[in-house]
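The structure presented is a predicted model; accordingly, all values stated were derived computationally and were not measured.
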Amino acid sequence: MRRYWMISVCLLLLAAVSVPAHSQGLRWTRDGNAFYTIERGEIVKNELPSLAKTVLVSKALVTPKQDTAPLAIRDFSFSADDRQVLIYTNTKKVWRQDSRGDYWVLNLADKTLRQLGKGRPASSLMFAKFSPDGKKVAYVSEFNIYLEDLATGKITALTKGGDRKIINGTFDWAYEEEFGCLDGFRWSPDSKKIAYWQINASTVKNYLMVNMTDSIYPFPVPLEYPVAGEAPSPYKIGVVDISTAKTNWMQIPTDPVLQSYVPRMEWAANSSQLIMQHLNRKQNQSNILLSDVVTGKSTSIYHETDAAWIDAVASLSDKFWLNGGKEFLWTSEKDGWRHLYRISRDGKSETLITRGDYDIMGVTALDEAGGYVYFYATPGNATQRYLYRARLDGSAAAERISPMNQNGTHSYTVSPGAKFAQHSFSNYYTAPSREWVSLPDHKAFNGDQVNAAVAKADKSKSNVEFFTVKTVDGIEMDGWMAKPENFDPAKKYPVVFYVYTEPAGQNAKDQWGAGMNRMYTGNMAKDGYIYITMDNRGTPAPKGREWRKSIYRKIGQINLRDQAMAAKEVMKWSFVDTSRIAVWGWSGGGSATLGLMFLYPEIYKTGISIAAVGNQLTYDNIYQERYMGLPQENREDFVKGSPITHAKNLRGNLLYIHGTGDDNVHYNNAEQLINELIAHGKQFQMMSYPNRTHSISEGKGTIPHLNQLYTNYLRTYCPPGGR
């Protein structure tokens, strides 16, 4: 789940999810010696290490004959021979991502430009991709997959009958939100077949949102949304022959009642087999399947179980296969830490690549020729992140590549072959900086930008400091604290706690922005607040499996106790005013805010809860069941962990905020919670934002209005300043 606002995204298991994120980021050349970017509406080639620029696709080349204005390039990709460019433009949002739009093909040889999908509705094409031989393009439009021949312009429907309920080549809301699945089809290496998902949402109940702002008469907005305890949409994995448009379905074992999931699928380094990750409904059993695309037979080659849950691997593509497809990389927490393994194609042998009491935090590059895999890790400090590399044969300890004098959070975009990388760095007192480096020596070649930023930064001028607090239960939690300006230790100050607390986000990170609150209109430090966040057990900090998975079936319990007990330790500090303790959060953090206000009213006097899950039984099955089990088996945990159960205990000042058009955490959470508070005579304040989604960002004036509401409430009920 990605319930978030100002929180960190989940830790990745294996680089980025293998779906196209339509962004204007760089695209590598195949040899890794250059990259492409979109600059001022043109595609520019940047050579390395010189960084010399050449305009490859000018505005003139992407101006249709009948128009005077060039296409606004949202994204682009090349055919395998680099002679054709696929241009993505005129995009529209589907839930969170701009995944619908128009596609044009530019032939770089004869300079011709033509639009794909003639006859299809505007901005209806999704995930268009060249065939490996460059002769065709496939795309999804209105829930079906289409094939377009680039020589003749002929369009062929490869699937039929697609609609909101039968979804071909893309996914329903839950798969996109919780597994990061958007692009649902894959070309075979020989360009003769396409493998794809079909999602059958016909049995999933509609959640009916009501749009009350866009017409005189309100109208329903239906969304297929399976809540916890409801079976997910059944799936099929099919392989369609592009010459006949006939699909052969893979035989994947599933529970006919509970169902199961296939969150990842790719061609298995050939054109005759597919490889996929198959998870059971509880997501605590994972099988890697190889499927024969002719017979459809699927064979499990690697099986893993966990007493809690197993995450969906992030990718089965370029950073996955080794030794010509004879081996693959895999991540597992089976020894208590998230480590990389090298596994034979038949699953009969494996080699541990990363060793030690630390977690890998995402693979960044594979240098098979050099014998290394590059990844993020942070041994000894869960608030930071560094680039490491390890030998693929597991013969030596991992070595840190990030410079030892740059303590904080590093990010890298690494070239194929791991020769170059765009390097970004920040910490809580060093503003973000970016440079180009060679690897593995990590030498900057366009100015020593990061070292210059580090040398310039003045730690003494930051009002932020990191700390560790140990609770009465013996739990050590990392946190940061932003102190007021002109801090006087003889005075007592109000504390505002920012919380998230769930497995989808880690807050206490040593990076630029720590200690900042963009919800607050003004300057919290100047006004005299202490601002604190702390990460409890169950957050995805790189502290080992036990830390992360101790929250299983205990969301709303163990995470809140950790936060409350840590807050009690903070309240022992001489400069903390225990009568002015506030807490706030968004989404999962909104849920935590409610729970803390209700369960620990002696600590938290003021709370601001935004877009909260008030009742865990209302949230989607993939997320809630992954971390809580099935309601049919342990409903009491869902009930005990839900804020609505404890609403009767409210004593402090509560502001509850929700968007009525939230397709993630639905507005019925607000209505149910309000009913319960009213039933127990509890006074509170509430603000609904009409037709706004989970981000509460749509519409004129929304964000400044929300920020001022937040700020006014905090200043009124948790007054700032030392006393």
Side-chain angles (χ1 to χ4, degrees), residues 1-7 91-100 123 164 173-174 176-177 205-225 227 517-521 584-591 593-594 597 607-615 618-620 643-644 647 650 653-679 682-717:
M1 173 187 180
R2 290 169 291 168
R3 288 192 260 164
Y4 60 89
W5 183 260
M6 298 166 57
I7 65 166
T91 64
K92 304 295 181 184
K93 183 177 287 188
V94 178
W95 300 314
R96 293 181 188 266
Q97 306 294 328
D98 288 355
S99 52
R100 289 192 296 114
S123 297
R164 281 182 49 240
W173 184 94
E176 176 173 325
E177 177 71 13
K205 297 175 184 176
N206 279 335
Y207 181 88
L208 294 179
M209 297 179 290
V210 179
N211 185 322
M212 305 181 83
T213 63
D214 292 340
S215 72
I216 297 299
Y217 286 93
F219 58 90
V221 181
L223 174 69
E224 293 77 20
Y225 189 100
V227 299
N517 182 355
R518 61 179 176 173
M519 287 291 295
Y520 190 84
T521 300
W584 87 278
W586 197 301
S587 195
S591 309
T593 296
L594 293 175
M597 291 289 292
I608 302 175
S609 172
I610 307 175
V613 175
N615 181 351
T618 70
Y619 199 66
D620 80 71
I644 192 173
L650 176 65
N653 309 298
L654 174 64
L655 171 61
Y656 184 85
I657 302 168
H658 213 120
T660 67
D662 193 334
D663 64 2
N664 185 343
V665 181
H666 295 131
Y667 189 68
N668 65 343
N669 280 273
E671 298 275 302
Q672 291 180 24
L673 181 69
I674 290 167
N675 259 345
E676 193 67 15
L677 289 167
I678 292 171
K682 300 300 177 180
Q683 295 296 317
F684 62 98
Q685 293 189 33
M686 192 267 176
M687 179 67 189
S688 63
Y689 281 89
N691 210 32
R692 271 60 165 192
T693 66
H694 196 53
S695 66
I696 312 184
S697 58
E698 302 83 3
K700 182 180 179 180
T702 299
I703 292 176
H705 186 279
L706 173 60
N707 291 352
Q708 195 63 59
L709 173 69
Y710 172 100
T711 305
N712 291 348
Y713 194 85
L714 192 61
R715 286 174 177 162
T716 300
Y717 294 100

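The closest donor-acceptor contact from the side chain of Thr660 to the backbone of Asn691 lies under 3.5 Å. Not one N or O on the side chain of Lys92 forms a donor-acceptor pair closer than 3.5 Å with the backbone of Ser123. For Tyr713 (side chain) and Leu654 (main-chain N/O), a donor-acceptor pair under 3.5 Å exists by modelled atom type. Under a 3.5 Å cut-off, the side chain of Arg692 and the backbone N or O of Ser697 do not form any donor-acceptor pair. Between the side chain of Gln708 and the main chain of Thr521, no donor-acceptor pair closer than 3.5 Å is present. The backbone N or O of Leu655 lies less than 3.5 Å from no partner atom in the side chain of Asn653, so there is not a single donor-acceptor pair.
With 3.5 Å as the limit, one finds a donor-acceptor pair spanning the side chains of Arg715 and Tyr520. With hydrogens and angles left out, the side-chain atoms of Thr618 and His666 include no donor and acceptor closer than 3.5 Å.
Taking CD1 of Ile608 as the start and OH of Tyr656 as the end, the distance is 14.0 Å to the nearest 0.5 Å. Interatomic distance, CD1 of Ile644 versus OG of Ser591, reported as 12.0 Å (0.5 Å rounding). If you take CG on Asn668 and CD1 on Ile674, they are separated by 11.0 Å, rounding to the nearest 0.5 Å.
Two residues are said to be in side-chain contact when any heavy atoms from C-beta on lie closer than 4.5 Å; Met212 and Pro690 fail this criterion. Side-chain contact between Leu673 and Asn669 is absent, with no heavy-atom pair separated by less than 4.5 Å. Side-chain atoms of Ile657 and Tyr710, non-hydrogen and from C-beta on, never get closer than 4.5 Å to each other. Side-chain contact between Arg164 and Asn206 is present, with heavy atoms from C-beta onward closer than 4.5 Å. Residues Met687 and Leu706 form no side-chain contact, since every pair of their non-hydrogen atoms from C-beta on lies 4.5 Å or further apart. Within the 4.5 Å cutoff, the side chain of Leu709 has heavy atoms near those of the Tyr689 side chain.
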Candidate pair Leu714 and Trp584, rule side chain to side chain contact (heavy atoms under 4.5 Å, CB included), full reasoning: CA-CA 10 Å; Leu714 192 61; Trp584 87 278; over 6 Å; no

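Below 30°, between 30° and 60°, or above 60°: for Trp173 and Tyr225 the angle between ring planes is between 30° and 60°, a tilted geometry.
For the pair Glu177 and Arg96, the salt-bridge criterion is met [side-chain N within less than 4.0 Å of a carboxylate O].
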